[in-house]
Amino acid sequence: MGLPRRTFLKTAALGAGSLLPTPGVSVGAGLPVPPVFRGGTLTVAPASLSVWPGWLTSVLAINGSVPGPTIRLRKGERFTAEIRNGLPAQNLVIHWHGLLAPAAVDGHPRQEVPPGHSYHVGFDIVQEPSLCWYHAHTHDLTAEQVYKGVAGLFLIDDPERDAKLGLPTGARDVPLVIRDWKSNGSFAFTYNPSMFEHMWGYTGDRILVNGVPDAVMEVDRGLWRFRLLNACNARVLRIGFADGRPFQIIANDGGLTGSIASVTAFDLAPGQRAEILVSFADASPGATFTLRSLAFARLPAGGGGPAGPRQGDPLDVMSFRVTAGNDGTATPTSLPAPRLPNPAHSIRTRSFQLGMTNQQHTINQRTYELDRIDFTVPSGAVEIWEFVNQTANLHPMHIHGTFFCVVSRHLGGVLQQPLPTDSGLRDTVLVYPNETVRVALCFGPRHGEFLMHCHNLEHEHQMMLNFVVTDGGTPTLEILEVEGKRLCRWPLSAAGWQLETSADLLNWSPVSGDPVVRGVYLEWTEPEDARLTRFFRLATV
Ligand code: C2O
Ligand code: CU
Ligand code: CU
């Protein structure tokens, strides 16, 4: 993946850095490639890295690296890892963003472990090749831990397939983890959002790519594939080249989209991924091209307040220095498309109002509560979820446990043109101010408790809901005799079902008294006086 090590050292030496590059660790320039990880232990712990030449910066590293190692596996393989919390004073849990992971290891904040503890993760890769990522999802600490470095790529790839499709592979297939950083006059990852930044997001004034500022990479005049992740806490990147050169978007969160959209710029929101093909065939050797986040003004304010770095500020991402060669590869003319949920088969529409209530970021007037299940979704059925942005803010909405397709965008009741990034499967969609975005989804094969939230990480801890995906069938009700008492128990995941009782199998009513949570079951004890004279069933609420 990425640049061969030889090129890495050479480009690193071009920079102003005086420190020797260490493999897999950030240096002052060049484009470092994070180490590859295929299974084993991932330890999150404080570290000092040379992010800026001449400085050692305190970070939260994964196996000593920021960004963390790139997990690389193929469809059909099994991912197994031991996650070690080496943080001195904070809990930790890791979420596999874009991976269809079982709910039990998806990284729900309730799965977090205290300092010094580890937990095991193991699941099969059941999805198509795509660029995913992983990051901290700790209760109330996602923003801070991700900002300080707890994030890395999770690449499901298939170079043979890609070579057959005519896509650049190997050293021409370059993942770019893009994030911003707020310099604050010091070379530290200081996370101290003001009131204003809690409102709009913690946006920085500099960009780091694969962990370094001012990254420079040598490219020949052939075709290149860049896989972009927006790992910023809050900044929406408007990706484009300074010279306005066109490029092709071929993939997003869910992998290849089936379309080859030629654009000069597109918006990449926090959490989103996009893959682009870029050719420098027209450039003269020695020329330099800058990839930027272009200026935009879709917000009345944003970022660090009137004086600070704002959402929509233009920023340089990295540059490419062109060398003489050319591999002669042409842009492919067709690529396979994923199967999308069909919105015409939708069984219901759920509406989520993205708003502001009592100075808090809310979904349907609610802020997040760790132990509250907000709704239940049957798997195997197509639903439309509608995000209604009632604010002047940008909200990249992310759903765990599935992919979706963007069905429509409305602004002031008027249907908008789809964006070039709206094709294919996504797990995160950017909802612009006052916009209504509809997506179609269908859960499965994973069941259990998942999250839906805004991926502006300053909003996330409030603007988040828990939902439970049921297996679509009736949950099993078990009736047991325990120590002379009769117990009814059923899976905790059966939210939306209630226990009913009847004396004659004709007239049913809900049982009185609340069931107790015991492990993965809800449990209800039959009162003495009713013993053996009644029938029970689970019924949908
Ligand atoms: Cu990338 Cu729930 O997050
Ligand atoms: Cu996710
Ligand atoms: Cu938001």
Check whether the ring centres of Phe189 and Trp52 lie less than 6.0 Å apart, and answer yes or no. yes
Between CD1 of Ile249 and CD1 of Ile239, what distance do you get to the nearest 0.5 Å? 10.0 Å
Derivation and outcome, side-chain hydrogen bond (donor to acceptor under 3.5 Å, both in side chains), residues Glu458 and Asn233: CA-CA 7 Å; Glu458 279 64 55; Asn233 274 37; 3.0 Å; yes
Kindly check if the number of other-residue, nucleotide or ligand heavy atoms within 6.0 Å of CZ (Arg339) is above 12? no
Can you check whether Thr288 reaches Phe320 side chain to side chain, under 4.5 Å on heavy atoms? no
Taking all atoms of both residues into account, what is the closest heavy-atom pair of Ser351 and Glu386, and its distance? OG-OE2, 2.6 Å
Check for me whether the distance between the ring centres of Tyr202 and Trp181 falls short of 6.0 Å. no
Is a side-chain donor or acceptor of Ser130 paired with a backbone partner of Cys132 at a separation under 3.5 angstrom? no
Is the backbone of Arg350 close enough, under 3.5 Å, to the side chain of Glu383 for a donor and an acceptor to pair up by distance? no
Using side-chain hydrogen bond (donor to acceptor under 3.5 Å, both in side chains), reason through His398 and Thr428 one step at a time and then give a plain yes or no. CA-CA 4 Å; His398 172 48; Thr428 305; 3.2 Å; yes
Approximate separation, where rounding is to 0.5 Å, of Thr357 OG1 and Gln359 CD: 10.5 Å
Backbone N/O of Asn230 and side chain of Arg179: donor-acceptor pair under 3.5 Å: no
Can you list everything that forms a side chain to side chain donor-acceptor pair (under 3.5 Å) with Gln498? Sequence neighbours excluded, please. Glu500
Taking atom CE of Met463 and atom CE of Met452, what is their separation to the nearest 0.5 Å? 9.5 Å
Between Val44 and Ile62, what is the shortest heavy-atom contact and its length? CG2-CG1, 4.1 Å
Indicate yes or no for a side-chain donor-acceptor contact from Arg292 to the backbone of Thr290 under 3.5 Å, with no hydrogens or angles considered. no
Does Asn358 CG have over 12 foreign heavy atoms under 6.0 Å away? no
For Phe387, all residues meeting ring pair (Phe, Tyr, Trp, His ring centres under 6.0 Å), sequence neighbours excluded: Phe352
Should the ring pair His395 and His459 be called parallel, tilted or perpendicular, given that the plane angle runs from 0 to 90° and is split at 30 and 60? tilted
With ring centroids as reference points, do Tyr134 and Trp96 lie under 6.0 angstrom apart? yes
Decide yes or no on side-chain hydrogen bond (donor to acceptor under 3.5 Å, both in side chains) for Ser259 and Ser423, but give the supporting numbers first. CA-CA 7 Å; Ser259 67; Ser423 47; 3.2 Å; yes
State the CG-CE distance between Asn466 and Met464, to the nearest 0.5 angstrom. 7.0 Å
Without swapping roles, check the side chain of Asp158 against the backbone of Pro129 for a donor-acceptor pair under 3.5 Å. no
Would Arg74 and Ile156 count as a side-chain contact (heavy atoms from CB on, under 4.5 Å) if you check the C-alpha gap in whole Å, the side-chain angles of each, and the deciding distance to 0.1 Å? CA-CA 5 Å; Arg74 296 188 179 210; Ile156 306 168; 5.6 Å; no
Can a side-chain donor-acceptor contact be found between Gln360 and Thr367 if the only test is distance below 3.5 angstrom? no
What closest approach, in Å, do Pro168 and Asp173 show between heavy atoms, and which atom pair accounts for it? O-CB, 3.7 Å
Test Leu268 against Val236 for side-chain contact (heavy atoms from CB on, under 4.5 Å), laying out the working first. CA-CA 6 Å; Leu268 191 67; Val236 172; over 6 Å; no
Hey, can you tell me if Phe467 and Phe450 have their rings parallel, tilted or perpendicular (30° and 60° cut-offs)? tilted
Value for OG1 (Thr142) from NE2 (His137), rounded to nearest 0.5 Å, stands at 5.5 Å
Gln248: what forms a side chain to side chain donor-acceptor pair (under 3.5 Å) with it, not counting sequence neighbours? Ser262
Just verifying a value: how many Å separate Leu229 CG and Ile178 CD1, rounded to the nearest 0.5 Å? 7.5 Å
Does any N or O in the side chain of Asn389 come within less than 3.5 Å of the main-chain N or O of Asn393, such that one atom is a donor and the other an acceptor? yes
Test salt bridge (charged side-chain N to carboxylate O under 4.0 Å, His left out) applied to Arg225 and Glu275, step by step: CA-CA 7 Å; Arg225 175 188 193 176; Glu275 300 184 20; 2.8 Å; yes
Would you say the ring centroid of Phe289 lies under 6.0 angstrom from that of Phe241? no
Without swapping roles, check the side chain of Asp422 against the backbone of Leu419 for a donor-acceptor pair under 3.5 Å. yes
Under the salt bridge (charged side-chain N to carboxylate O under 4.0 Å, His left out) criterion, do Arg72 and Asp157 qualify, and how do the steps go? CA-CA 7 Å; Arg72 264 186 99 126; Asp157 71 350; 2.3 Å; yes
Who pairs with Asp180 by side chain to side chain donor-acceptor pair (under 3.5 Å), at least two apart in sequence or on another chain? Arg235
Step through it carefully: locate the ring centre of Phe247, locate the ring centre of Phe226, and say whether they are under 6.0 Å apart. no
Exactly one of His461, His95, His400 should register a ring pair (Phe, Tyr, Trp, His ring centres under 6.0 Å) with His453. Which one does? His400
Arg366: side chain to side chain donor-acceptor pair (under 3.5 Å) partners, not counting sequence neighbours: Asp374
Kindly say whether Pro309 contributes a backbone atom to a donor-acceptor pair with the side chain of Asp205 at under 3.5 angstrom? no
Mind listing the closest non-hydrogen atom pair of Ala440 and Pro341 along with its distance? O-CG, 3.3 Å
Can any side-chain N or O of Glu449 pair as donor or acceptor with the backbone N or O of Val469 at less than 3.5 Å? no
Could you tell me which non-hydrogen atom of Asp427 sits nearest to which non-hydrogen atom of Thr402, and how far apart they are? CB-O, 4.1 Å
Can you tell me if His198 and Ser194 form a side-chain donor-acceptor pair at under 3.5 Å? no
Aromatic contact, His135 with His97 (centres under 6.0 Å): yes
Between Arg348 and Ile384, is a side-chain contact (heavy atoms from CB on, under 4.5 Å) present by the stated rule, with each step listed? CA-CA 6 Å; Arg348 70 159 67 72; Ile384 304 270; over 6 Å; no
Within the side chain of Gln145, is there an N or O that forms a donor-acceptor pair under 3.5 Å with the backbone of Gln90? no
Yes or no on side-chain contact (heavy atoms from CB on, under 4.5 Å) for Phe266 and Ile276, after CA distance, side-chain angles and deciding distance? CA-CA 11 Å; Phe266 70 97; Ile276 62 174; 3.9 Å; yes
Does Asn91 have any side-chain contact (heavy atoms from CB on, under 4.5 Å) partners at least two apart in sequence or in another chain, and if so, which? Glu112, Pro114, Pro115, Thr138
Which atoms form the tightest heavy-atom contact between Leu208 and Pro213, and what is the distance? CD2-N, 3.5 Å
